[in-house]
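To start, the structure under review is shown below, and the notes come after it.
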Amino acid sequence: MTEQVRVRFAPSPTGALHIGGLRTALYNYLFAKKYNGSMILRIEDTDQARYVKGAEEYIIESLTWAGILPDEGPGTGGEYGPYHQSKRKDTYARYARQLVEKGHAYYAFDTSDELDAMRERLKEAKASSLHYNAITRMQMKNSLTLSAEEVQKRVDSGEPYVIRFKVPLKEDVRINDMIRGWVVVHTSALDDKILLKSDGMPTYHLANVVDDHLMKITHVIRGEEWLPSAPLHVLLHRALGWESTTPRFAHLPLLLKPDGNGKLSKRDGDKHGFPVFPLDGDFPDQKGKTEHLKGFREAGYLPEAFVNFLALLGWNPGTEQELFSMQELIEDFSIERINKSGAKFDIEKARWFNQQYIKKMTPAELAKFLAKELEDEGIDYATETLNEICELMRERIEFPHELWTEGEFFFKSPDTFDQQVVKKKWNEQAVEILDAYKSRITDVSELTDEQAKETLGNLLEEKGVKPGQVMQILRLAITGKSGGPDLMKIIEILGTHEVVSRIHYAIENIPVKQSNQ
Ligand code: GLU
């Protein structure tokens, strides 16, 4: 690509950023970085009624957590700022007026009652669903139907008005979408959208197009829900005299529910118990009641795993490779390999990615998570032991917090025991073996896993007992559980004294069922 690529992520701060939004940001970022271009963060906050406090901070924190760092934006600055649309109000009004002067837009004075009446008439006539368009505009109160003096008089007297776009008559608008190919829409299917509202604020359409031009955006990569607006945006670029620099468009496929039936929503997350937001957050729901949203970060997902998962939700590298670092994603990403159809959300896959990234971490890196849990619990620890525990647990966990939930027995001797194992295997013979094992290791001060294994092996051979009959009850006595990592390693980490005392406790406290052997 010879041009300087500039893309933008343009969220509206109307609530928490859904992971679909974060995926849009990610694809913009990957595309920009691949071509050594820039990604701009633009906050589209002109709709004051929908503004939600804390939403902007949430968006920025989510991007930062995911490692999607814009080159220009509110925090970063840049030569095309300000990057909040609310701070660019005058610019939009100027362009709206320019459109009126050039005959591409017009003032409209219709009151809401008049607009309602028009809708009623159209309904009765079973006309198309379009309201304000090439036909109806000529029956309404606007600068196309009123005289210039009348318009001036109304404006001067402070009568509220909006500026509407005058959609050109009878032509095909052609858009070569980078994902969908040619999209052709006839202008008779478009209505005269409001560009400037009566409070002087621009609508999304005007502000978006003006900023894409002024910020020198080359590619607009955004969600599929904006595809119906694209023809209007193309026409606006042209009407403003910017046809030759109209950005290229790429409309991303939707994120679908796990069963593929419709768009992924917050409710799906609630229903299946998985997060659909990057971070935890408290935001008003549709009725204005604050609700708590669950995030991937707090659920224990590593940002690298989450980004990898997100990248492959809708894009494929064309190879079997699944694990990608951000750098690899940047190198391999291409818009052409974004799927046209929606991507089914699969939380199992997200967990799998997390597990893969945990496996790749060093024990010392993982130990930091465990150390934090132990500090919260007020438990003392030796760093070296934590490293050994993490090394052992690494292969078995999907989330860092499982180091604690699954490995608590390393720090607390069990006082409850898996009842299934007790029922099936805890009998006189088992207790006898455990007791003998306890005696044999008592005097070994530095018991290695090898020694622990050898001692057990010799004992079982002497008694003529198969390891399968004993391993699980030994584990039960030491950890309280039926399964877990290598038991001999656990014995080594815990040390003789602790192991002996746990076996003793188990023998004393688990009642022996009458042996049926
Ligand atoms: N502000 C719009 C949104 O919230 C941006 C759409 C676009 O990228 O053009 O999604």
Side-chain angles (χ1 to χ4, degrees), residues 5-32 38-52 54-60 62-63 68 70 72-74 80 82-89 92 165 175 177-180 183 193-195 197 201-237 240 242 245-255 263-266 276-278 283 286 314 335 338:
V5 166
R6 289 177 59 82
V7 297
R8 85 298 194 274
F9 177 53
S12 302
T14 54
L17 181 67
H18 180 274
I19 61 160
L22 200 64
R23 189 193 59 171
T24 302
L26 176 63
Y27 286 4
N28 271 285
Y29 178 77
L30 297 177
F31 185 72
S38 302
M39 177 194 169
I40 289 96
L41 173 64
R42 183 170 76 220
I43 304 293
E44 302 209 326
D45 57 351
T46 54
D47 192 347
Q48 288 302 318
R50 293 184 61 219
Y51 182 84
V52 170
E56 181 179 333
E57 289 76 7
Y58 181 94
I59 292 166
I60 292 175
S62 302
L63 293 175
I68 303 169
E72 296 169 30
Y80 299 97
Y83 295 93
H84 282 97
Q85 289 190 325
S86 57
K87 296 189 180 140
R88 304 166 64 84
K89 205 174 138 185
Y92 310 123
F165 185 56
I175 301 163
D177 188 275
M178 294 171 80
I179 298 171
R180 282 143 216 280
V183 177
K193 284 268 186 295
I194 296 178
L195 302 177
K197 295 187 273 190
M201 277 300 214
T203 56
Y204 153 72
H205 302 292
L206 177 67
N208 190 269
V209 165
V210 166
D211 283 348
D212 281 349
H213 176 75
L214 296 180
M215 295 179 180
K216 295 202 163 38
I217 300 303
T218 54
H219 298 78
V220 167
I221 304 169
R222 61 184 174 190
E224 177 178 279
E225 65 274 28
W226 300 106
L227 185 59
S229 303
L232 171 66
H233 296 176
V234 167
L235 289 172
L236 272 170
H237 275 280
L240 285 158
W242 304 330
T245 54
T246 305
R248 294 211 59 193
F249 290 94
H251 288 93
L252 304 174
L254 290 176
L255 283 191
K263 203 172 144 186
L264 178 72
S265 72
K266 199 197 126 320
V276 295
F277 295 93
F283 287 99
Q286 273 161 354
I335 296 222
I338 292 176

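The structure presented is a predicted model; accordingly, all values stated were derived computationally and were not measured. Each ligand, and each atom within it, is numbered from 1 in the order the structure gives.
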Atom indices of ligand 1 within 4.0 angstrom of S12 heavy atoms, with elements: 1 (N), 2 (C), 3 (C), 4 (O)

Within 6.0 angstrom of K263 NZ, more than 12 heavy atoms from elsewhere: no

Ligand-side contact atoms (ligand 1) for residue partner N208, heavy atom cut-off under 4.0 Å: 7 (C), 9 (O)

Residues D211 and Y92: side-chain donor-acceptor under 3.5 angstrom: yes

Identified side chain to side chain donor-acceptor pair (under 3.5 Å) partner of H251 from the options E224, E225, R222: R222

Check ion pair R6-E72 (N to O, under 4.0 angstrom): yes

Sub-4.0 Å heavy-atom approach of R8 to ligand 1: yes

Geometric N/O contact A10 with ligand 1, under 3.5 angstrom: yes

Per-atom contacts of ligand 1 with W226, taking only distances under 4.0 Å to non-hydrogen atoms: 2 (C), 3 (C), 6 (C), 10 (O)

Heavy atoms of other groups near Q286 CD, more than 12 under 6.0 Å: no

Residue portion contacting ligand 1 (non-hydrogen atoms closer than 4.0 Å) for F9: neither

Enumerated ligand 1 atoms positioned under 4.0 Å from heavy atoms of Y204: 2 (C), 5 (C), 6 (C), 7 (C), 9 (O)

Parallel, tilted or perpendicular: ring planes of Y204 versus W226, cut at 30 and 60 degrees: tilted

Taking atom 1 (N) of ligand 1 as the reference point, the nearest protein heavy atom with its distance: E44 OE1, 2.6 Å

